[in-house]
Amino acid sequence: MTKMMAGQALVKVLEDWDVDHIYGIPGGSINHTVEGLYLEQDKVKYIQVRHEEVGAIAASADAKFTGKIGVAFGSAGPGATHLFNGLYDAKMDHVPVLAIVGQVPQPTMNTNFFQEMDETPMFEDVSVYNRTVTTAEQIPYVINEAIREAYRQSGVAVVILPEDLTTKEIDYEPAKTPKVVANNYSQTVDPKAIKDSLKMIKEAKHPLIYAGRGLLGARDELTKFSEQFNIPVMNTVPATGVISTDHPNFIGTFGRLGAKSGFEALQHTDLILFLASEFPFAQFWPKDVKIIQVNTNAFDIGKTVDVDYAIIADAKAYLNDMIATGETRPADTWLKANQENKANWDKWLDEQAEDDSRGLNPEAVTKKIAELAGPNDTYAVDTGNVSEWGVRGLPMNKNQRFAISGLFATMGFGLPGGMAGALSVPDAQAWSLSGDGGFAMVAPDIITEARYELPVINVVFSNSRFGFIYYEQAESKQHFYGVDLTDADWAKVAEGLGGIGFTVKNKADLDEVFAKVKDLQAKGNKKPIVINAYINPDDPIATAFMPLDEKLYGADTVKAYSEKYHIDPKTQPSLGELLRAQGDER
């Protein structure tokens, strides 16, 4: 045993779990935890953020990028409450995060003391583990248990520390129990489930795979299964990259952030293999489709959509067992029509990138990012219209990593996520993509990126509006109110905060600026970069409902939609047309 301050012992436990950085802001009620970080600064890097929300979001992004626990702290009262946005993001997307929360000294608790709050019930809903320590000696044990539970339950663990306890000297001995972090789900899948799945797939005319975040890390298995059974693949937005985005069997996703190929595939499928997801928008799938759902969590099965066949199992193990059968299905017109539909859609997006006659299209910006992106880069994508452009345009064809605020969908995720990418994957380039609304919420933390020499490339899509909500107000025929934004020169703001700023307004600007950025990064730039891209403010093409099939929607509806979004039905024939041309009718 070694005698040391309890606040230092706390940090020693983090070291044992391979935590190498932590986010937060000092405060009177957490000062001796910060002292512990000072004493262990050669092992754990303390990242001083400018708002605790940024630290908590960054911790969540750390976990999304790497699978390792992210850690953030806040002092009592306002420091604690500021953490909630990032913690709820981690809760909703099921990633492990540890929140260390300060509390006033024990003798002043329950006395209406300065910044005192009853913090334990505050965190009850957001957490899978929530404890207030009562002795200095138990601090290492509680931190250790908190991390175990965060990993075991894929969620948020909260430890509340009365400040007087962290100051005390204790006998510290590292725990000998191995740091086991894997959720050891049974790798055995019921053979009957495999047999029944094969039967349903063979009986289906138009089967479709819909993959979720639970299959991240199983790209090889998903790809092999798709190829062996010749089934097209869609994924949820948080699962972007679960299959290479340039694989011919990948056809995009569904909904507001989706693709024409994804929307139309769902209108013609008769069987969905719903794997490792709790996708909330499944409730909007067509109702006459059979669904096989595979999930480790029985509660998630049937939670968002009624299913025909439920399999409680690890989806990766399920795919391996299906592959091992040696069974297959032919590369039929269904697969080929979906591949052609996706190729046509990609060509249309590329045409948008090349056309700045109505202003700079966001597709041009993501195309440039794709040209500059490396094989291991991280992308942190904010909430709003920018989510659509990121999902549709970012390359996830090598070892790139993608993070977004999926189910919680908080604005302001981009910049903190970019920071997390630079810290968690330091040997690659880190990108953040934000709208001007989301960026404004967290822009001061460009200072943090500058302070710690994190050369994140922060791309801001400026259109002077909350674009996602503008669209919703238009669709519901409301007055446009509260959705306009006062413009700011984000390039100048970046320079004032210690970064490098660029402004682009057309394709010529874009080419020039990205050439400069490429040169800066090649020379070992250590400053954050902000590219303020003034884009065409028109709504992105609406993909939640894409009436391009005259047989299904009528000629007038197709004409109105096509004219609104500048899409030519002749070069973008519907999936129904492609199938009918091959004599394939569902």
Side-chain angles (χ1 to χ4, degrees), residues 6-7 10-11 13-14 19 21-38 44-63 69-91 95-106 108-109 113-133 139 142-143 146-147 150 155-167 405 408 410 412-413 415-417 419-420 423 441-442 444-445 447-448 451:
L10 181 160
V11 183
V13 178
L14 299 182
V19 172
H21 64 274
I22 179 174
Y23 308 92
I25 297 177
S29 58
I30 203 159
N31 274 341
H32 284 82
T33 299
V34 176
E35 175 71 5
L37 288 168
Y38 170 80
V44 178
K45 188 173 186 177
Y46 162 49
I47 305 298
Q48 179 209 72
V49 291
R50 292 304 179 100
H51 196 294
E52 291 91 348
E53 174 191 21
V54 169
I57 291 175
S60 179
D62 280 329
I69 194 165
V71 186
F73 70 82
S75 58
T81 58
H82 284 170
L83 294 170
F84 274 106
N85 229 28
L87 300 188
Y88 268 100
D89 178 71
K91 173 191 173 171
V95 294
V97 165
L98 172 65
I100 299 170
V101 180
Q103 179 57 287
V104 299
Q106 279 185 321
T108 58
M109 290 174 66
F113 193 65
F114 176 70
Q115 290 191 325
E116 181 202 352
M117 299 177 69
D118 189 1
E119 293 173 338
T120 304
M122 284 169 43
F123 290 97
E124 191 61 34
D125 180 66
V126 77
S127 63
V128 297
Y129 181 93
N130 181 21
R131 298 287 189 277
T132 298
V133 298
I139 289 176
V142 173
I143 293 291
I147 295 172
V156 175
V158 177
V159 177
I160 299 167
L161 300 164
E163 167 63 2
D164 58 317
L165 300 184
T166 57
T167 69
S405 182
F408 195 52
T410 179
F413 182 90
L415 189 154
M419 186 190 309
L423 289 163
M441 294 180 173
V442 292
D445 269 275
I447 299 173
T448 307
R451 177 185 177 115

Item checked: Distance, nearest 0.5 Å, that separates OG of Ser75 from CG of Leu161 -> 12.0 Å
Item checked: side chain to side chain donor-acceptor pair (under 3.5 Å) assessment of Thr120 paired with Thr132 -> CA-CA 7 Å; Thr120 304; Thr132 298; 2.7 Å; yes
Check: Can any side-chain N or O of Lys91 pair as donor or acceptor with the backbone N or O of Asp125 at less than 3.5 Å?
Finding: yes
Item checked: Side-chain donor/acceptor of Glu163 to backbone N/O of His32, under 3.5 Å -> yes
Item checked: Closest non-hydrogen atom pair, Pro416 against Val54 -> CB-O, 3.6 Å
Notebook entry, point to check: Should Thr33 and Phe73 count as side-chain neighbours, where that means a heavy-atom distance under 4.5 Å?
Noted result: no
Item checked: Heavy-atom closest contact (Ser29 atom, Ala76 atom, distance) -> OG-N, 2.6 Å
Margin query: For a ring pair (Phe, Tyr, Trp, His ring centres under 6.0 Å) check, start with the C-alpha distance between Phe408 and Phe84, then their side-chain angles and the critical distance, and finish with the verdict.
Written below: CA-CA 11 Å; Phe408 195 52; Phe84 274 106; over 10 Å; no
Item checked: Any donor-acceptor pair under 3.5 Å from Ser405 side chain to Asp89 backbone -> no
Next item on the list: Decide yes or no on side chain to side chain contact (heavy atoms under 4.5 Å, CB included) for Val19 and Leu98, but give the supporting numbers first.
Entry: CA-CA 11 Å; Val19 172; Leu98 172 65; over 6 Å; no
Notebook entry, point to check: So do Phe114 and Thr108 actually touch side chain to side chain, heavy atoms under 4.5 Å?
Noted result: no
Item checked: Point-to-point distance, once rounded to the nearest 0.5 Å, from CD of Gln48 to CD1 of Ile447 -> 9.5 Å
Check: Between Glu119 (side chain) and Thr81 (backbone), is there a donor-acceptor pair under 3.5 Å?
Finding: no
Checklist line | Nearest heavy atoms of Ala146 and Ala157, plus distance in Å | finding: O-CB, 3.2 Å
Next item on the list: Kindly indicate, with the supporting measurements, whether the criterion side chain to side chain contact (heavy atoms under 4.5 Å, CB included) is fulfilled by Leu10 and Ile100.
Entry: CA-CA 10 Å; Leu10 181 160; Ile100 299 170; 3.8 Å; yes
Notebook entry, point to check: When you look at Val104 and Met109, which way does the side chain to side chain contact (heavy atoms under 4.5 Å, CB included) test go after all the steps?
Noted result: CA-CA 6 Å; Val104 299; Met109 290 174 66; 3.7 Å; yes
Next item on the list: Would you name the heavy atoms of Gly86 and Ser60 that are closest together and state the gap between them?
Entry: O-CB, 3.9 Å
Next item on the list: Check whether any side-chain N or O of Tyr23 sits under 3.5 Å from a backbone N or O of Ile57 as a donor-acceptor pair, and report yes or no.
Entry: no
Margin query: Do Val142 and Tyr129 make a side-chain contact, defined as non-hydrogen atoms from C-beta onward lying under 4.5 Å apart?
Written below: yes
Notebook entry, point to check: For Ile22, which of Leu14, Ile47, Asp62, Val11 qualifies under side-chain contact (heavy atoms from CB on, under 4.5 Å)?
Noted result: Leu14
Notebook entry, point to check: Minimum heavy-atom separation for His82 to His51, with atom names?
Noted result: CG-CE1, 3.5 Å
Item checked: Separation between CD of Glu52 and CG of Asn85, rounded to the nearest 0.5 Å -> 12.5 Å
Check: Is Asn130 close to Ile160 at the side-chain level, that is, under 4.5 Å between some pair of heavy atoms?
Finding: yes
Item checked: Residue pair Ala80 / Phe123: nearest heavy atoms and the distance that separates them -> O-CZ, 3.8 Å
